[in-house]
Amino acid sequence: MDIIEAIRSRKSIRGYKPDPVPKEMLKKILDIATQSPSGMNTQPWEFTVITGEVLDNIKRGNVEMLASGATPNPDLPLKPYEGVYRNRQVEVAVQIFGLMGIAREDKEKRAEWMQRGFRFFDAPAAIILSVDKSLGELRPQFDIGAITQTICLAALNYGLGTCIEDQGVMFPEVVRRFTGIPESKRTIIAITIGYPDWDFPANKLETKREPVENITAWQGFD
Ligand SMILES: Cc1cc2nc3c(=O)[nH]c(=O)nc-3n(C[C@H](O)[C@H](O)[C@H](O)COP(=O)(O)O)c2cc1C
């Protein structure tokens with residue numbers, strides 16, 4: 001697949017076929033993704049690839065935490081969005097709820113949708129990215145971002161879809177309980193991965209982008 005076509009066709013997949021993803025395929029994706037750049041080639045990323053019973057246990061554990069009313073406590077604290085960023089967040093939620101036929105006032109269905117995220121969108125596999133806490137909170141984020149996108153692009157080569165998601169690691173104690181990721185590592189993000197179910201309504205989502213002209217300063221050109 002041409003690189004521009006890959007970048008253009010990647011989108012978040014929130015509905016998957018149940019078919020398992022072969023371990024060998026996941027390994028190839030991670031092998032190639034480790035070509036990503038990192039500050040001073042520090043390669044701070046560590047992968048925990050989960051499927052089967054381990055993934056099922058984490059899905060169940062996350063949903064139980066949500067149902068208990070526990071406050072999410074991610075290793076990388078999230079700040080609520082404001083202003084234009086909040087507007088964009090709301091816009092994407094409105095688009096998803098529209099596609100899924102979830103009415104604004106339908107609290108039950110909205111809660112169900114939220115649960116779906118905490119269930120890794122029922123994907124057959126997921127990759128948890130973590131980094132050693134000795135690297136600090138901020139610096140490795142750049143490197144993790146680079147490899148995350150690279151994983152998502154490489155997955156396309158194998159007909160796989162992905163969704164980068166905070167929700168999977170919002171209850172790190174659950175992830176730790178079933179994977180053994182130690183306290184010395186910070187869980188950063190989850191990537192759900194599997195064969196897309198193209199009949200799933202939310203997979204039809206086309207997110208918008210701000211035109212480059214609105215976010216770019218061109219200087220020194222004629
Ligand atoms: C750091 C990060 C965290 C995200 N977390 C979630 C999440 O928890 N739940 C979710 O449904 N989507 C999540 N997304 C997916 C974004 O909503 C999505 O990338 C964005 O709306 C653009 O859509 P696209 O990926 O289809 O181009 C996340 C994406 C990123 C980069």
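Every number for a ligand or one of its atoms is a count from 1 in the order of the listing. Throughout, residue positions are numbered sequentially from 1 according to the sequence presented.
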R14 heavy atoms within 4.0 Å reach ligand 1 at atoms 10 (C), 11 (O), 12 (N), 15 (C), 16 (C), 17 (O)
Numbered in order shown, the ligand 1 atoms found under 4.0 Å of a heavy atom of E165 are 4 (C), 5 (N), 6 (C), 7 (C), 8 (O)
Please indicate whether E5 has more than 12 foreign heavy atoms, meaning atoms of other residues, nucleotides or ligands, lying under 6.0 Å from its CD.
yes
Any protein heavy atom under 4.0 Å from atom 20 (C) of ligand 1?
no
Check: Can you check whether G39's main-chain N or O pairs, donor with acceptor, with D143's side chain at less than 3.5 Å?
Finding: yes
Within the 4.0 Å heavy-atom cut-off, what L205 brings close to ligand 1 is neither
Numbered in order shown, the ligand 1 atoms found under 4.0 Å of a heavy atom of K11 are 26 (O)
**Request:** Examine C163 against ligand 1 and note whether any of their N/O atoms are separated by less than 3.5 Å.
**Result:** no
Going by the 4.0 angstrom heavy-atom rule, the piece of T207 near ligand 1 is side chain
Note to self: I'd like to know if R10 contacts ligand 1, where contact means a heavy-atom distance under 4.0 Å to any ligand atom.
What the structure shows: yes
Tracing side-chain contacts under 4.5 Å among Ile, Leu, Val, Met, Phe, Trp and Tyr outward from I32 reaches none
(request) Please confirm whether R209 comes under 4.0 Å of ligand 1, counting heavy atoms of the residue only. (result) yes
Going by the 4.0 angstrom heavy-atom rule, the piece of V92 near ligand 1 is side chain
Quick check: are there more than 12 heavy atoms from other residues, nucleotides or ligands sitting under 6.0 Å from CD1 of I215?
yes
